Protein chains: 2
Amino acid sequence: MTAQDTAARLEGVGHRLTAPRRAVLEAILAAPALFTVEDICAAAPGVGRATVFRTMKLLQEIDLVCRVPLEDGSVRYQFSQGDHHHHLVCSACGSIKEFIDPELDARILEDALTAGFHLDGHSLELYGRCAACDR
Amino acid sequence: MTAQDTAARLEGVGHRLTAPRRAVLEAILAAPALFTVEDICAAAPGVGRATVFRTMKLLQEIDLVCRVPLEDGSVRYQFSQGDHHHHLVCSACGSIKEFIDPELDARILEDALTAGFHLDGHSLELYGRCAACDR
DNA sequence: CTACATGCAAATTGTTTGCATAGTT
DNA sequence: AACTATGCAAACAATTTGCATGTAG
(Lines give C-alpha, C1' and ligand atoms only; values in the text may rest on other atoms or scores of the structure.)
Protein backbone atom coordinates (compact mmCIF):
# COMPACT_ATOMS: atom_id res chain seq x y z
CA MET A 1 0.00 0.00 0.00
CA THR A 2 1.31 3.41 -0.87
CA ALA A 3 1.13 6.78 0.78
CA GLN A 4 -1.21 7.87 -2.00
CA ASP A 5 -3.73 5.16 -1.28
CA THR A 6 -3.81 5.90 2.38
CA ALA A 7 -4.01 9.60 1.76
CA ALA A 8 -6.94 9.06 -0.56
CA ARG A 9 -8.65 7.11 2.15
CA LEU A 10 -8.34 10.06 4.49
CA GLU A 11 -10.03 12.37 2.05
CA GLY A 12 -12.73 9.84 1.43
CA VAL A 13 -13.86 10.20 5.02
CA GLY A 14 -13.93 13.94 4.83
CA HIS A 15 -10.55 14.75 6.28
CA ARG A 16 -8.08 17.17 4.83
CA LEU A 17 -4.95 16.03 3.17
CA THR A 18 -2.25 18.10 4.80
CA ALA A 19 1.51 18.02 4.69
CA PRO A 20 1.89 16.86 8.31
CA ARG A 21 -0.51 14.02 7.73
CA ARG A 22 1.37 13.00 4.64
CA ALA A 23 4.60 13.05 6.62
CA VAL A 24 3.09 10.86 9.31
CA LEU A 25 1.75 8.42 6.75
CA GLU A 26 5.11 8.14 5.09
CA ALA A 27 6.84 7.67 8.41
CA ILE A 28 4.44 4.88 9.23
CA LEU A 29 4.98 3.13 5.93
CA ALA A 30 8.73 3.40 6.39
CA ALA A 31 8.62 2.30 10.02
CA PRO A 32 9.18 -1.23 11.27
CA ALA A 33 6.07 -3.36 11.62
CA LEU A 34 5.64 -2.30 15.19
CA PHE A 35 6.21 1.27 16.17
CA THR A 36 5.58 3.84 18.82
CA VAL A 37 4.40 7.40 18.59
CA GLU A 38 7.94 8.33 19.45
CA ASP A 39 9.24 6.49 16.40
CA ILE A 40 6.96 8.51 14.20
CA CYS A 41 7.89 11.77 15.87
CA ALA A 42 11.54 10.99 15.23
CA ALA A 43 10.90 9.99 11.63
CA ALA A 44 8.77 13.04 10.92
CA PRO A 45 10.70 15.94 12.38
CA GLY A 46 8.87 19.18 12.09
CA VAL A 47 5.57 17.55 12.87
CA GLY A 48 4.40 18.29 16.38
CA ARG A 49 3.83 15.50 18.81
CA ALA A 50 0.21 16.55 19.28
CA THR A 51 -0.39 16.28 15.57
CA VAL A 52 1.12 12.82 15.51
CA PHE A 53 -1.23 11.76 18.26
CA ARG A 54 -4.16 13.37 16.52
CA THR A 55 -3.26 11.72 13.24
CA MET A 56 -2.81 8.33 14.86
CA LYS A 57 -6.27 8.61 16.31
CA LEU A 58 -7.64 9.43 12.89
CA LEU A 59 -5.85 6.51 11.31
CA GLN A 60 -7.20 4.18 13.92
CA GLU A 61 -10.69 5.33 13.12
CA ILE A 62 -10.20 4.47 9.46
CA ASP A 63 -8.57 1.20 10.47
CA LEU A 64 -5.30 2.01 8.79
CA VAL A 65 -3.46 1.58 12.03
CA CYS A 66 -4.18 -0.55 15.04
CA ARG A 67 -3.18 -0.33 18.66
CA VAL A 68 -1.37 -3.27 20.17
CA PRO A 69 -1.35 -3.34 23.94
CA LEU A 70 1.69 -5.22 25.17
CA GLU A 71 1.87 -7.48 28.16
CA ASP A 72 3.68 -4.87 30.22
CA GLY A 73 0.99 -2.31 29.62
CA SER A 74 2.85 -0.26 27.04
CA VAL A 75 1.37 0.44 23.65
CA ARG A 76 2.65 -0.09 20.12
CA TYR A 77 1.01 0.63 16.84
CA GLN A 78 0.93 -1.34 13.69
CA PHE A 79 0.05 -0.64 10.11
CA SER A 80 -3.08 -2.64 9.62
CA GLN A 81 -4.55 -4.65 6.83
CA GLY A 82 -7.91 -3.41 7.92
CA ASP A 83 -9.72 -6.65 8.47
CA HIS A 84 -10.38 -8.20 11.81
CA HIS A 85 -7.43 -10.03 13.24
CA HIS A 86 -5.53 -10.93 16.38
CA HIS A 87 -1.91 -10.65 17.39
CA LEU A 88 0.84 -13.01 18.33
CA VAL A 89 3.49 -11.05 20.17
CA CYS A 90 6.94 -12.55 20.56
CA SER A 91 8.41 -11.65 23.91
CA ALA A 92 11.93 -12.37 22.69
CA CYS A 93 12.32 -10.44 19.46
CA GLY A 94 9.26 -8.26 19.84
CA SER A 95 7.90 -9.17 16.46
CA ILE A 96 4.18 -9.30 15.94
CA LYS A 97 2.31 -11.61 13.68
CA GLU A 98 -1.29 -11.17 12.76
CA PHE A 99 -3.63 -14.10 12.39
CA ILE A 100 -7.29 -14.66 11.80
CA ASP A 101 -9.46 -17.54 12.88
CA PRO A 102 -13.15 -17.22 12.12
CA GLU A 103 -13.91 -20.24 14.20
CA LEU A 104 -12.28 -18.63 17.18
CA ASP A 105 -14.30 -15.48 16.66
CA ALA A 106 -17.45 -17.54 16.41
CA ARG A 107 -16.65 -19.21 19.69
CA ILE A 108 -16.11 -15.85 21.31
CA LEU A 109 -19.44 -14.60 20.06
CA GLU A 110 -21.08 -17.69 21.42
CA ASP A 111 -19.54 -17.18 24.83
CA ALA A 112 -20.83 -13.64 24.88
CA LEU A 113 -24.32 -14.82 24.04
CA THR A 114 -24.21 -17.44 26.74
CA ALA A 115 -23.37 -14.73 29.22
CA GLY A 116 -26.23 -12.60 27.94
CA PHE A 117 -23.90 -10.02 26.47
CA HIS A 118 -24.45 -8.03 23.36
CA LEU A 119 -20.96 -8.10 21.92
CA ASP A 120 -19.54 -4.97 20.30
CA GLY A 121 -15.94 -6.00 19.93
CA HIS A 122 -13.08 -7.83 21.53
CA SER A 123 -9.36 -7.80 21.76
CA LEU A 124 -7.13 -10.81 21.89
CA GLU A 125 -3.38 -10.82 22.19
CA LEU A 126 -1.26 -13.93 22.45
CA TYR A 127 2.09 -13.69 24.12
CA GLY A 128 4.89 -16.13 23.62
CA ARG A 129 7.95 -16.85 21.52
CA CYS A 130 7.93 -16.99 17.78
CA ALA A 131 9.28 -19.93 15.83
CA ALA A 132 12.61 -18.24 15.21
CA CYS A 133 13.20 -17.31 18.85
CA ASP A 134 11.91 -20.52 20.37
CA ARG A 135 15.04 -22.62 20.18
CA MET B 1 -11.43 -14.99 50.78
CA THR B 2 -10.30 -13.09 53.83
CA ALA B 3 -7.54 -10.61 54.43
CA GLN B 4 -5.84 -13.28 56.53
CA ASP B 5 -5.68 -15.73 53.68
CA THR B 6 -4.26 -13.22 51.30
CA ALA B 7 -1.81 -11.99 53.86
CA ALA B 8 -0.65 -15.52 54.46
CA ARG B 9 -0.10 -15.90 50.78
CA LEU B 10 2.19 -12.90 50.77
CA GLU B 11 4.33 -14.34 53.50
CA GLY B 12 4.46 -17.66 51.77
CA VAL B 13 6.33 -16.09 48.91
CA GLY B 14 8.84 -14.46 51.19
CA HIS B 15 7.33 -11.00 51.48
CA ARG B 16 6.86 -9.10 54.66
CA LEU B 17 3.48 -8.60 56.16
CA THR B 18 3.35 -4.91 56.87
CA ALA B 19 0.60 -2.58 58.01
CA PRO B 20 0.39 -0.75 54.65
CA ARG B 21 0.08 -4.02 52.79
CA ARG B 22 -2.66 -5.13 55.13
CA ALA B 23 -4.45 -1.85 54.55
CA VAL B 24 -4.24 -2.26 50.80
CA LEU B 25 -5.50 -5.83 50.99
CA GLU B 26 -8.47 -4.77 53.07
CA ALA B 27 -9.23 -1.91 50.74
CA ILE B 28 -9.21 -4.30 47.81
CA LEU B 29 -11.52 -6.76 49.51
CA ALA B 30 -13.90 -3.94 50.39
CA ALA B 31 -13.71 -2.38 46.93
CA PRO B 32 -16.16 -2.96 44.10
CA ALA B 33 -15.30 -5.74 41.69
CA LEU B 34 -13.44 -3.38 39.45
CA PHE B 35 -11.24 -0.72 40.91
CA THR B 36 -8.45 1.67 40.16
CA VAL B 37 -5.30 2.44 42.04
CA GLU B 38 -6.97 5.71 42.93
CA ASP B 39 -9.84 3.86 44.60
CA ILE B 40 -7.41 2.04 46.80
CA CYS B 41 -5.49 5.17 47.64
CA ALA B 42 -8.75 6.77 48.72
CA ALA B 43 -9.80 3.74 50.73
CA ALA B 44 -6.44 3.40 52.41
CA PRO B 45 -5.55 6.91 53.50
CA GLY B 46 -2.16 7.12 55.06
CA VAL B 47 -0.71 4.68 52.59
CA GLY B 48 1.44 6.37 49.98
CA ARG B 49 0.54 6.09 46.35
CA ALA B 50 3.91 4.56 45.56
CA THR B 51 3.30 1.84 48.08
CA VAL B 52 -0.09 1.10 46.62
CA PHE B 53 1.51 0.71 43.20
CA ARG B 54 4.26 -1.44 44.63
CA THR B 55 1.76 -3.60 46.46
CA MET B 56 -0.44 -3.97 43.42
CA LYS B 57 2.51 -5.20 41.48
CA LEU B 58 3.24 -7.75 44.18
CA LEU B 59 -0.35 -8.94 44.22
CA GLN B 60 -0.35 -9.37 40.49
CA GLU B 61 2.69 -11.55 40.77
CA ILE B 62 0.91 -13.83 43.24
CA ASP B 63 -2.21 -13.73 41.06
CA LEU B 64 -4.36 -12.22 43.74
CA VAL B 65 -5.19 -9.32 41.53
CA CYS B 66 -5.43 -9.00 37.80
CA ARG B 67 -5.13 -6.10 35.42
CA VAL B 68 -8.02 -5.40 33.10
CA PRO B 69 -7.17 -3.17 30.17
CA LEU B 70 -10.26 -1.32 28.99
CA GLU B 71 -11.15 -0.45 25.44
CA ASP B 72 -10.16 3.16 25.87
CA GLY B 73 -6.71 2.22 27.06
CA SER B 74 -7.27 2.86 30.73
CA VAL B 75 -6.61 0.19 33.32
CA ARG B 76 -8.69 -1.30 36.07
CA TYR B 77 -7.85 -4.00 38.55
CA GLN B 78 -9.86 -6.87 39.83
CA PHE B 79 -9.60 -9.20 42.74
CA SER B 80 -8.87 -12.49 41.10
CA GLN B 81 -9.99 -15.99 41.73
CA GLY B 82 -6.62 -17.08 40.58
CA ASP B 83 -7.64 -19.38 37.81
CA HIS B 84 -7.46 -18.54 34.18
CA HIS B 85 -10.39 -16.58 32.88
CA HIS B 86 -11.49 -13.87 30.48
CA HIS B 87 -13.51 -10.72 30.88
CA LEU B 88 -16.74 -9.40 29.54
CA VAL B 89 -16.77 -5.66 30.01
CA CYS B 90 -20.06 -3.78 29.81
CA SER B 91 -19.59 -0.43 28.17
CA ALA B 92 -22.79 0.90 29.65
CA CYS B 93 -22.62 0.15 33.35
CA GLY B 94 -18.93 -0.71 33.47
CA SER B 95 -19.49 -4.03 35.16
CA ILE B 96 -17.18 -6.88 34.44
CA LYS B 97 -18.06 -10.52 34.33
CA GLU B 98 -15.51 -13.27 34.28
CA PHE B 99 -15.98 -16.36 32.22
CA ILE B 100 -14.01 -19.43 31.34
CA ASP B 101 -14.18 -21.55 28.24
CA PRO B 102 -11.64 -24.34 28.00
CA GLU B 103 -12.59 -24.99 24.43
CA LEU B 104 -11.82 -21.41 23.55
CA ASP B 105 -8.46 -21.67 25.24
CA ALA B 106 -7.75 -24.86 23.36
CA ARG B 107 -8.52 -23.14 20.11
CA ILE B 108 -6.20 -20.30 21.00
CA LEU B 109 -3.41 -22.71 21.80
CA GLU B 110 -3.98 -24.41 18.50
CA ASP B 111 -3.77 -21.15 16.61
CA ALA B 112 -0.49 -20.38 18.32
CA LEU B 113 0.88 -23.77 17.34
CA THR B 114 -0.19 -23.31 13.77
CA ALA B 115 1.73 -20.07 13.68
CA GLY B 116 4.77 -21.78 15.16
CA PHE B 117 4.49 -19.89 18.42
CA HIS B 118 5.34 -21.18 21.83
CA LEU B 119 2.50 -19.67 23.81
CA ASP B 120 3.16 -18.23 27.26
CA GLY B 121 -0.09 -16.47 27.87
CA HIS B 122 -2.85 -14.45 26.35
CA SER B 123 -5.32 -11.79 27.18
CA LEU B 124 -8.84 -11.66 25.90
CA GLU B 125 -11.37 -8.97 26.68
CA LEU B 126 -14.85 -8.82 25.27
CA TYR B 127 -16.57 -5.47 25.05
CA GLY B 128 -20.27 -4.99 24.80
CA ARG B 129 -23.41 -4.48 26.86
CA CYS B 130 -24.47 -6.77 29.64
CA ALA B 131 -27.92 -8.34 29.79
CA ALA B 132 -29.22 -5.70 32.16
CA CYS B 133 -28.02 -2.76 30.09
CA ASP B 134 -28.93 -4.17 26.71
CA ARG B 135 -32.56 -3.11 26.53
C1' DC C 1 20.28 -6.08 64.25
C1' DT C 2 19.71 -6.07 59.35
C1' DA C 3 17.42 -6.17 55.33
C1' DC C 4 13.42 -4.94 53.40
C1' DA C 5 9.45 -1.66 53.13
C1' DT C 6 7.54 3.05 53.38
C1' DG C 7 6.52 7.89 52.51
C1' DC C 8 7.31 11.83 50.31
C1' DA C 9 8.39 14.56 46.62
C1' DA C 10 10.60 14.96 42.44
C1' DA C 11 11.27 12.85 38.01
C1' DT C 12 9.41 10.27 34.11
C1' DT C 13 6.49 8.95 30.48
C1' DG C 14 2.53 9.22 27.69
C1' DT C 15 -1.23 11.90 26.13
C1' DT C 16 -4.47 15.83 25.85
C1' DT C 17 -5.83 20.67 25.46
C1' DG C 18 -6.03 25.88 24.66
C1' DC C 19 -5.15 29.12 21.53
C1' DA C 20 -3.21 31.99 18.03
C1' DT C 21 -1.56 31.07 13.37
C1' DA C 22 -1.19 28.73 8.94
C1' DG C 23 -3.12 25.87 5.28
C1' DT C 24 -6.93 23.35 2.43
C1' DT C 25 -10.66 23.28 -0.24
C1' DA D 1 -13.61 33.26 2.64
C1' DA D 2 -14.75 29.57 5.81
C1' DC D 3 -13.41 26.14 8.25
C1' DT D 4 -10.01 22.76 9.68
C1' DA D 5 -5.53 21.49 11.07
C1' DT D 6 -1.09 22.69 13.20
C1' DG D 7 2.48 23.86 16.52
C1' DC D 8 3.81 25.00 20.76
C1' DA D 9 3.69 24.95 25.44
C1' DA D 10 1.25 24.15 29.34
C1' DA D 11 -1.82 20.97 31.62
C1' DC D 12 -2.74 16.30 32.92
C1' DA D 13 -2.63 11.61 34.29
C1' DA D 14 -0.41 7.60 35.53
C1' DT D 15 3.50 5.47 37.25
C1' DT D 16 8.41 5.23 38.84
C1' DT D 17 12.42 6.44 41.48
C1' DG D 18 15.81 8.37 45.03
C1' DC D 19 16.59 8.63 49.53
C1' DA D 20 16.23 9.17 54.45
C1' DT D 21 13.52 6.90 57.97
C1' DG D 22 10.74 3.21 60.01
C1' DT D 23 9.90 -1.66 61.10
C1' DA D 24 9.09 -6.84 60.55
C1' DG D 25 11.40 -10.95 61.30
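Numbered from 1 within each chain, the chains take letters A, B, ... in sequence-line order. Everything quoted here is computed from the prediction, not taken from an experiment.
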So which one's nearest nucleotide on DNA chain D is more toward 5', Glu11(B) or Thr55(A)? Thr55(A)
Does the side chain of His15(A) get closer than 4.0 angstrom to OP1 or OP2 of dA5(D) through an N or O atom? yes
Can any side-chain N or O of Arg21(B) pair as donor or acceptor with the backbone N or O of Arg16(B) at less than 3.5 Å? yes
Any donor-acceptor N/O pair, Thr51(B) side chain to Val47(B) backbone, under 3.5 Å: no
Can a donor-acceptor pair be found, under 3.5 Å and without considering hydrogens, that links the side chain of Thr114(B) to the backbone of Glu110(B)? yes
Write out all pairs satisfying salt bridge (Lys or Arg N to Asp or Glu O under 4.0 Å) with one or both partners inside residues 36-53 of chain B, taking only residues at least two apart or from two chains. Glu38(B)-Arg49(B)
Looking for any heavy atom pair under 4.0 Å, which part of the strands does Arg54(A) touch: base, sugar-phosphate only, or nothing? base
Residue met sooner reading DNA chain C from 5', once Ala19(B) and Arg67(A) are mapped to nucleotides: Ala19(B)
Given Leu70(B) and Val75(B), is the side-chain contact (heavy atoms from CB on, under 4.5 Å) satisfied, shown in steps? CA-CA 6 Å; Leu70(B) 300 193; Val75(B) 177; over 6 Å; no
With distance as the sole criterion, is a donor-acceptor pair present between the side chains of His86(B) and Asp105(B) under 3.5 Å? yes
Which atom pair, heavy atoms only, marks the closest approach of Met56(A) to Phe35(A)? CE-CE1, 3.7 Å
Any residue of residues 38-53 of chain A with a heavy atom less than 4.0 Å from an atom of DNA chain C: Arg49(A), Ala50(A), Phe53(A)
Check: His87(A) ring centre within less than 6.0 Å of His122(B) ring centre: no
For Arg16(B) and Val75(B), take the nucleotide of DNA chain D holding the closest heavy atom to each; which residue's nucleotide lies nearer the 5' end? Val75(B)
Between Lys57(B) and dT16(D), is there a side-chain N or O to OP1/OP2 distance below 4.0 Å? yes
Under a criterion of less than 4.0 angstrom to any heavy atom of chain A, what are the 5'-terminal and 3'-terminal contacting nucleotides of DNA chain C? dT15(C) to dT25(C)
